[in-house]
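Worksheet: one structure, shown below.
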Amino acid sequence: MTINDFKKYNDYEFGIKDKVALWGKDVYLDIDFPYDKKKKQSFLSKLIGAKKNEELADDAITMSADERLEMNMDIINQKFSLLADSKDKILRVFLDNGILDLAEQEVRKNPRATDEIHECYILDDGERVFIPISIDKFAGSFNPHEVTIKFDRDNNAVVELGMDLIPDYLDKNLIVNIKFDGSIEAVVD
């Protein structure tokens with residue numbers, strides 16, 4: 001990705017003009033920068049590094065959102081690549097938190113298919129789901145739709161991924177957060 005791929009929403013938010021590919025799906029990508037005039041000097045000191053504090057005050061006034069985006073393109077590309085390479089880790093976090101049991105409980109709330117030999121349920125959209133749900137089937141159901149990379153005032157970036165499942169085993173959204181330290185948090189919402 002390059003800076004030309006983004007459009008500016010306001011002084012602290014950007015979005016990708018076109019969808020970008022993640023795990024074979026097209027997703028929206030948004031970039032959020034902190035916006036707090038009182039803390040801007042701390043944010044800038046991390047970006048500018050070698051400049052003296054006296055010079056930071058002038059830069060704090062003149063630094064545009066476009067400049068912040070340009071200065072952080074390497075971090076943005078790094079964080080997006082980290083997410084793209086983390087599908088197996090994200091799956092493992094969900095599995096370790098009992099997502100398959102939860103998915104099977106939710107699926108069993110649907111009508112049972114009487115014309116199948118194996119345990120099978122029919123979802124609202126007509127999709128047939130066999131129990132037990134295999135790990136491969138579950139991993140294949142990931143349907144990411146939006147990625148947000150959020151910068152804090154110290155220029156650390158976290159990644160938030162919103163996705164659902166197809167077939168929709170849970171009738172809920174899944175949210176994944178990759179924190180500053182690379183640890184992954186997975187939430188069913």
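Residue indices begin at 1 and follow the sequence shown. In this text the structure is predicted, and so the values were computed from the model without any measurement.
Between Val129 and Leu123, some side-chain heavy-atom pair lies under the 4.5 Å cut-off. Side-chain contact between Ile184 and Ile178: present, with at least one pair of heavy atoms (C-beta onward) separated by less than 4.5 Å. The shortest side-chain heavy-atom distance between Phe142 and Asp164 does not fall under the 4.5 Å cut-off. The shortest side-chain heavy-atom distance between Leu161 and Ile175 does not fall under the 4.5 Å cut-off. Taking the side chain as every heavy atom from C-beta outward, Asn155 and Asn72 approach each other to under 4.5 Å. Side-chain contact between Glu119 and Arg112 is present, with heavy atoms from C-beta onward closer than 4.5 Å. Using a 4.5 Å heavy-atom cutoff, the side chains of Leu102 and Tyr169 are not in contact. Residues Leu22 and Val147 have side chains in contact (heavy-atom distance under 4.5 Å, counting atoms from C-beta outward).
To the nearest 0.5 Å, atoms CD1 (Ile75) and CD1 (Ile31) are separated by 10.5 Å. In this structure, Leu165 CG and Leu170 CG are separated by 5.5 Å, a value rounded to the nearest 0.5 Å. A distance of 10.0 Å separates CE of Met163 from CG of Asn173, quoted to the nearest 0.5 Å. With rounding to the nearest 0.5 Å, the separation of CG in Asp124 from CG in Asp171 is 7.0 Å. Separating the CD1 atom in Ile133 from the OH atom in Tyr121 is a distance of 10.5 Å, to the nearest 0.5 Å. The distance from atom CG of Leu29 to atom CZ of Phe80, rounded to the nearest 0.5 Å, is 6.0 Å.
A salt bridge does not link Lys172 with Glu106: every distance from a Lys NZ or Arg NE/NH1/NH2 to an Asp or Glu carboxylate oxygen is 4.0 Å or more.
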> What do the steps show when you test Val176 against Glu185 for side-chain contact (heavy atoms from CB on, under 4.5 Å), and what is the final call?
Replying inline: CA-CA 6 Å; Val176 176; Glu185 176 185 70; over 6 Å; no
> Where do Asp32 and Thr148 land on the side-chain contact (heavy atoms from CB on, under 4.5 Å) test, with the steps shown first?
Replying inline: CA-CA 7 Å; Asp32 290 348; Thr148 303; 3.6 Å; yes
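In the hydrophobic clustering, Val158 connects to Phe180, either directly or through intervening members, whenever side-chain heavy atoms lie under 4.5 Å apart. Clustering of Ile, Leu, Val, Met, Phe, Trp and Tyr side chains at separations under 4.5 Å leaves Ile117 isolated, with no partner residue. Here Ile166 is tied to no hydrophobic group at all, with no ILVMFWY side chain closer than 4.5 Å.
Listed by chain and number, the residues in a salt bridge (charged side-chain N to carboxylate O under 4.0 Å, His left out) with Glu146 amount to none (sequence neighbours excluded).
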Donor-acceptor pairs under 3.5 Å, side chain of residues 81-96 to any protein atom, not counting sequence neighbours: which ones?
| unit_1 | atom_1 | unit_2 | atom_2 | d |
| --- | --- | --- | --- | --- |
| Ser81 | OG | Asn77 | O | 3.0 |
| Ser86 | OG | Leu82 | O | 2.5 |
| Arg92 | NH1 | Asp96 | OD1 | 3.4 |

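Sorted by first and then second residue, the pairs that involve residues 127-139 and meet salt bridge (Lys or Arg N to Asp or Glu O under 4.0 Å), not counting sequence neighbours, are Asp115-Arg128, Glu116-Arg128.
A distance-only check finds a donor-acceptor pair linking the side chain of Lys79 to the backbone of Ala157 [under 3.5 Å]. Distance alone, capped at 3.5 Å, is enough to place a donor-acceptor pair between the Asp181 side chain and the Ser183 backbone. The main-chain N or O of Ile99 is never found under 3.5 Å from a side-chain atom of Asn97 such that the two would form a donor-acceptor pair.
Note on Val188 and Ile135: same hydrophobic cluster, where clusters join Ile, Leu, Val, Met, Phe, Trp and Tyr whose side-chain heavy atoms are under 4.5 Å apart, directly or indirectly.
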